2 protein chains.
Amino acid sequence: MSLKHGILGLINYGPTTGYDLDKAFKGSLNFFWQAQTSQIYRELNAMEKQGWISSEIIIQTDKPNKKLFSLTEIGKEELLCWLKYNSIEDDILVRDPFLVKVFFSGEIDTASNIETMKMFKECCQYAHKKIKETIDNFEKAFEGNKNLVYWKFTSSFGLYYYEMCIRWADDTIKTLEDLL
Amino acid sequence: MSLKHGILGLINYGPTTGYDLDKAFKGSLNFFWQAQTSQIYRELNAMEKQGWISSEIIIQTDKPNKKLFSLTEIGKEELLCWLKYNSIEDDILVRDPFLVKVFFSGEIDTASNIETMKMFKECCQYAHKKIKETIDNFEKAFEGNKNLVYWKFTSSFGLYYYEMCIRWADDTIKTLEDLL
DNA sequence: TGGGTCATGTAACCTGTTACATGATTAG
DNA sequence: CTAATCATGTAACAGGTTACATGACCCA
């Protein structure tokens, strides 16, 4: 499991609202973990019941009121426990719907498969470019932050990942073209 | 969505039972898609209701009876439609619980993080070896099969993937060791 | 006699997705 | 006037996980 812990990790950086968590997810963890807005609010309620976080309502006049969540002692412990517990075997799973499609693509003509593979490559190039931009923004915005090294590890994984995908797509396209 | 389509793809190779689908999943698609036994039986029921597959009970005397599932016309259409429909943007999502942990690892001491990263590397080396073995077995068992090229694309992705992970882990470990 | 293979599932729960709903303020 | 931003969610459904349950046959 990870969404609760992802939220816990973000709240650990300082008290936040569901709204801001949603934006934080979409702006940082999104490459390797996605969360729907509705899911975030649901998890926040569950986490408050579990005692991992506590909330406080902030009255605002110019904007809608908001609910600020803070980490409790128990929440902090849970976060550290999750980080320390080495469950790598559980965490290493790959789930890739695109590869499922490729696996069964023998049913489709080679030319179409080449097309699809080229589109895949383009998507990867685009995603790669996006991550590069994200890294630049983070670097400027969080210079000197002790967490920046770790944030950069994850985005560098993204770059390595898409570069690998592009190489694989190139090799796959070559093999398919020889089949024509 | 993909499990229903994964099952559809496998039944398309010929009529099978839930039991054999379970083994097929664990023996081929498992690297990039996992399915629980219970989930397979549930999906099979749902798919039969949808009319994608039909079933027939085979009476056996020496072994328990079994339920053979075959693809219907509608099921075949659905499979082809799913394969042709280029939803790459939907299919390209990465979800990696390990990276979520790395993202928040600033809370943990550097030495522990180096340890974790080394364990990650070992897991990847093991997974890489496993895929290599799988490829060898497939190559021998399905020589000349028209689907083999596509099956090999997916396993070669696996090899590229874990090689990339190992390189990334090495670089990460180096960076972390400089922080000590 | 104990463990593996064959073969089927159910039930409960948790997580993820999609669609819908509200309503004020502010900037173009 | 219209679209975006701020800020909250609910409801229903789909998909994934965990635990439990049964029972025969075969091999060592």
Side-chain angles (χ1 to χ4, degrees), chain A residues 1-8 15-27 29-30 32-50 52 55-69 82 87 89-91 93-97 100, chain B residues 1-8 15-27 29-30 32-50 52-53 55-69 78 82 87 89-91 93-97 100:
Chain A
M1 193 277 139
S2 210
L3 178 57
K4 279 196 178 69
H5 294 100
I7 293 174
L8 223 44
T16 3
T17 63
Y19 187 76
D20 285 325
L21 283 166
D22 191 38
K23 282 197 294 177
F25 248 94
K26 267 139 205 163
L29 296 160
N30 200 248
F32 48 91
W33 205 269
Q34 304 80 41
Q36 263 66 44
T37 310
S38 61
Q39 214 184 338
I40 288 173
Y41 285 107
R42 186 173 53 184
E43 295 300 325
L44 283 171
N45 284 331
M47 290 162 74
E48 196 176 7
K49 265 186 199 154
Q50 278 180 293
W52 293 3
S55 68
E56 181 194 356
I57 291 174
I58 309 288
I59 312 276
Q60 300 185 119
T61 46
D62 50 334
K63 295 174 192 174
N65 295 342
K66 58 185 185 180
K67 213 170 166 183
L68 243 202
F69 290 95
W82 169 70
S87 57
E89 287 86 358
D90 303 339
D91 287 352
L93 285 181
V94 174
R95 243 162 208 259
D96 191 329
V100 180
Chain B
M1 193 274 136
S2 212
L3 178 57
K4 279 195 176 69
H5 294 100
I7 292 174
L8 223 45
T16 4
T17 63
Y19 187 76
D20 286 325
L21 282 167
D22 192 39
K23 281 197 294 179
F25 247 94
K26 267 138 205 164
L29 296 160
N30 201 248
F32 47 92
W33 205 268
Q34 304 82 42
Q36 262 67 45
T37 311
S38 62
Q39 213 184 337
I40 288 172
Y41 285 106
R42 184 173 55 181
E43 294 300 325
L44 283 170
N45 284 332
M47 289 161 74
E48 196 177 8
K49 265 186 198 154
Q50 278 180 292
W52 293 1
I53 53 176
S55 69
E56 183 194 353
I57 289 174
I58 309 287
I59 313 275
Q60 298 185 122
T61 45
D62 50 335
K63 294 172 193 173
N65 295 343
K66 58 184 183 180
K67 213 171 166 183
L68 242 200
F69 291 95
E78 175 60 36
W82 169 71
S87 57
E89 288 86 358
D90 303 339
D91 288 352
L93 286 181
V94 174
R95 242 164 210 259
D96 190 329
V100 180

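Model, not experiment: these values are computed from the prediction. Note on naming: letters A, B, ... go to the chains in the order of the sequence lines (proteins, then strands), and numbering restarts at 1 for each one.
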Send over the distance from B:Leu93 CG to C:dT15 P, rounded to a whole Å.
-> 20 Å
To the nearest Å, give me how far apart CD1 (A:Ile7) and C1' (C:dG16) are.
-> 13 Å
Walking DNA chain C from its 5' end, the first of B:Asn45 and A:Thr37 to be reached, judged by nearest nucleotide, is B:Asn45
Gap between atoms CG and P, on B:Asp22 and C:dA7 respectively (whole Å) | 12 Å
For B:Tyr41 and D:dT17, what is the distance between atoms OH and P respectively, to the nearest whole Å?
-> 18 Å
Specify the residues of residues 58-67 of chain A, ordered by number, for which at least one heavy atom lies under 4.0 angstrom from an atom of DNA chain C.
-> A:Asp62, A:Pro64
N/O (side chain, B:Gln39) to phosphate O (OP1/OP2, D:dG15) under 4.0 Å | no
Nearest-Å distance, CG (B:Leu44) to C1' (D:dG15)?
-> 15 Å
CD1-CG distance between B:Ile7 and B:Asp22, expressed to the nearest 0.5 angstrom | 9.5 Å
Separation of D:dT5 atom P from A:Lys26 atom NZ, nearest Å, is 13 Å
Of A:Trp33 and B:Asp20, whose closest DNA chain C nucleotide lies nearer the 5' terminus?
-> B:Asp20
Think A:Lys23 has a side-chain N or O under 4.0 angstrom from the OP1 or OP2 of D:dA7?
-> no
Just checking A:Ser38: base, sugar-phosphate only, or nothing, at a heavy-atom cut-off of under 4.0 Å?
-> base
In whole angstrom, what separates A:Met47's CE from C:dC14's P?
-> 15 Å
Side-chain contact check for A:Tyr19: nearest option of D:dG16, C:dG16, D:dT5 is D:dT5
Return no unless some side-chain N or O of A:Arg95 is found under 4.0 Å from OP1 or OP2 of C:dG16.
-> no
Any idea which heavy atoms bring A:Tyr19 and A:Tyr41 closest together, and the distance?
-> N-OH, 3.4 Å
Yes or no on side-chain contact (heavy atoms from CB on, under 4.5 Å) for B:Val100 and A:Leu3, after CA distance, side-chain angles and deciding distance?
-> CA-CA 9 Å; B:Val100 180; A:Leu3 178 57; over 6 Å; no
Shortest non-hydrogen contact between B:Met47 and B:Lys4, atoms and distance | CE-O, 3.5 Å
N/O donor to acceptor pairs below 3.5 angstrom from side-chain atoms of residues 58-66 of chain B, sequence neighbours left out:
| residue | atom | partner | partner atom | Å |
| --- | --- | --- | --- | --- |
| B:Gln60 | NE2 | B:Pro64 | O | 2.7 |
| B:Asn65 | OD1 | B:Gln60 | N | 2.8 |

Identify which nucleotide among C:dT8, C:dT17, D:dG15 has an atom closest to any side-chain atom of B:Arg42, counting heavy atoms from C-beta outward.
-> D:dG15
Classify the ring geometry between A:His5 and A:Trp52 as parallel (under 30°), tilted (30 to 60°) or perpendicular (over 60°).
-> tilted
If you check every side-chain atom of A:Gln36, which of C:dG16, C:dA7, D:dT8 has the closest atom?
-> C:dG16
Using atom CG of A:Leu21 as one end and atom P of D:dA7 as the other, report the distance to the nearest whole Å.
-> 12 Å
Where do B:Asp20 and B:Thr16 come nearest, in terms of heavy atoms and distance?
-> CB-CG2, 3.5 Å
